[in-house]
There are 2 protein chains.
Amino acid sequence: MSEHSVPHPVARILVVDDDPTVAEVVTGYLERARFAVEHASDGVDALRRAGERRPDLVVLDLMLPGLDGLEVCRRLRAAGPVPIIMLTARSDEEDRVTGLEVGADDYVTKPFSPRELVLRVASVLRRDRAATTAAPRGTLRAGDLTVDPETRRATRAGRELALTLREFDLLAYFLEHPGTAHGREALMRRVWGWDFGDLSTVTVHVRRLRAKIEEDPARPALIQTVWGVGYRFEPGPGQEALG
Amino acid sequence: MSEHSVPHPVARILVVDDDPTVAEVVTGYLERARFAVEHASDGVDALRRAGERRPDLVVLDLMLPGLDGLEVCRRLRAAGPVPIIMLTARSDEEDRVTGLEVGADDYVTKPFSPRELVLRVASVLRRDRAATTAAPRGTLRAGDLTVDPETRRATRAGRELALTLREFDLLAYFLEHPGTAHGREALMRRVWGWDFGDLSTVTVHVRRLRAKIEEDPARPALIQTVWGVGYRFEPGPGQEALG
DNA sequence: GCACGCCGTCCGCGTTTCGTAAGGACTTCC
DNA sequence: GGAAGTCCTTACGAAACGCGGACGGCGTGC
């Protein structure tokens, strides 16, 4: 029936807790729920990790040695938009209120059911995902070519190109990496998302793409062949107005 | 984050509780916090009101006469994407878990601090608002189309369109994001509020909507098909590329 | 109770797109 | 100049996709 196989596209969770036991339990449950979990045992470590490898969500213990949990929360918030779930020992109202005021997105009080925590994480992520799904990538330009991933439109010299899905993605990838040589295998991985497959597939699609964007497909100027390696996209005229 | 002066652009809250005392207290606090509050005392009433005038958030008591709170939650969720905060008497884990599983975004256990409730509401709203990026409170226009989320009326060339609930929401979403290509999955999430489900549902509703707004439904001009991707709404009555 | 409207699902069909195979053309290197 | 390796071109079958039509369930209003 319906495809339930659309769970979390591997969300990265950062668990911040100084208690090794709690951390282990939480990590275990989250990993079993197919999340990629990272662990930090104190505030400084948490901020460092969050800065390096931006997590999709942070599970943060309120009681931490050194930096207070609230302070960590504040600084995380300042560093960028990231959903935060607070973890506290007491169900004290004061804590909850301050936690929410500082900007935590949710709150779980110990002792908590791991099942509940997982659900909360999933819930907050779902909500957050709905927000950030809009890829903030602008339209790509090179020479007289234009590719807009958002509208999924591509133009050459102002005229709209009728590209298929694969052709569009391929061209977009080329525009994202101008001047770089890409092996067929790499293209297959980045554009198709496959780790194996007939590499001639790439060849054929490059040819079809050339037929649509090149002035003279027999003598390609935009998508050049790098012998023994693969292809390289070279931005067309209009840029190199050198005399 | 001391932005007390960036309140809510008048969010509409629907409070569902059969206990007059609780309802009054909650309503009072929320109104003092500058929310526009509506009240329903039972499940059926709640569903009706939510259907007519879509609230920005629902505060829902778990214990209700007639329709169960969980059932109401389920149906609200089925009717469209709306944030829900559950109100439960016991801090029983079972309740919390089932509440979250059904799709509540948050819950508050009685006895609760009104201040906390307000903060929760604000928090969930903030999250949700980040999602819907810029509340489109005004009436939307594109070409000879007009969609007013407030009154839930839509017109084309001055003539009122008889749209169903889903059709209206779908069209409104399209008008909010003109030119953008949306995958079926994304539409299902943003318009239906579901994370999974048969994607052909989207296809069918697009077809029905086309039948009502397109000049020639067989050759759609407004809601275009993006092969292998989804759909794109293209405003403009007379094809921008003229002469 | 009955008819109607809305909604979600399913089925068959025509079309588009994709992946692969096979032969020819070109480059490189000896 | 020739051989081996690499790339181009073409063609074709199959799969994927979107569309229209229709059905049954559910809730609502008559």
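Letters A, B, ... are given to chains in the order of the sequence lines, protein chains preceding strands, and every chain is numbered from 1.
Whole-Å rounding puts the Lys212(A) NZ to dT9(D) P distance at 15 Å. Note: CG (Asp198(A)) to P (dC12(D)) measures 19 Å, nearest angstrom. Spacing between atom CE of Met188(A) and atom P of dC18(C) amounts to 12 Å, rounded to whole angstrom units. Computed from coordinates, the Asp169(B) CG to dC6(C) P distance equals 14 Å when rounded to whole Å. As rounded to whole Å, 14 Å separates atom P of dC8(D) from atom CZ of Arg219(A). The separation between Glu167(B) atom CD and dC7(C) atom C1' is 10 Å, rounded to whole Å. Look at CG on Leu163(A): it is 16 Å from P on dT16(C), rounded to the nearest Å. In this structure, Leu209(A) atom CG and dC7(D) atom C1' are separated by 17 Å, rounded to whole Å.
Where Ala162(B) and Leu199(A) each meet DNA chain C at their nearest nucleotide, the meeting point lying more 5' is that of Ala162(B).
For Arg190(A), there are no salt bridge (Lys or Arg N to Asp or Glu O under 4.0 Å) partners two or more places apart in sequence or in a different chain.
Using a 30° and 60° split on the angle between ring planes, His182(A) and Phe174(A) fall in the tilted class, from 30° to 60°.
Using modelled atom types, no side-chain atom of Arg53(B) and backbone atom of Thr151(B) make a donor-acceptor pair closer than 3.5 Å. With hydrogens and angles ignored, the 3.5 Å screen pairs no side-chain donor or acceptor of Arg77(B) with any backbone N or O of Gly193(B).
Remark: Arg152(A) engages Asp169(A) in a salt bridge, criterion side-chain N to carboxylate O under 4.0 Å. In this structure, Glu160(B) pairs ionically with Arg153(B), as a charged nitrogen and a carboxylate oxygen lie closer than 4.0 Å.
Closest approach to the Arg166(B) side chain among dT20(C), dC18(C), dC7(C) is made by dC7(C) (side chain taken as heavy atoms from C-beta onward). In this structure, of dG19(C), dC10(C), dG8(C), it is dG19(C) that holds the atom nearest to the side chain of Trp192(A).
Within the 4.5 Å cutoff, the side chain of Val26(B) has heavy atoms near those of the Phe112(B) side chain.
Residue contacts shown for Thr201(A) include a base, since a base heavy atom lies under 4.0 Å away.
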Practice item. Go along nucleotides 18-30 of chain D 5' to 3' and tag each nucleotide: B for a protein heavy atom under 4.0 Å from its base, S when only backbone or sugar atoms are that close, - otherwise. Key: SSBBB----S---

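Contact check, Thr164(B) against dC7(C): a side-chain N or O comes under 4.0 Å of OP1 or OP2. Side-chain nitrogen and oxygen atoms of Trp194(A) include none within less than 4.0 Å of the OP1 or OP2 phosphate oxygen of dG19(C).
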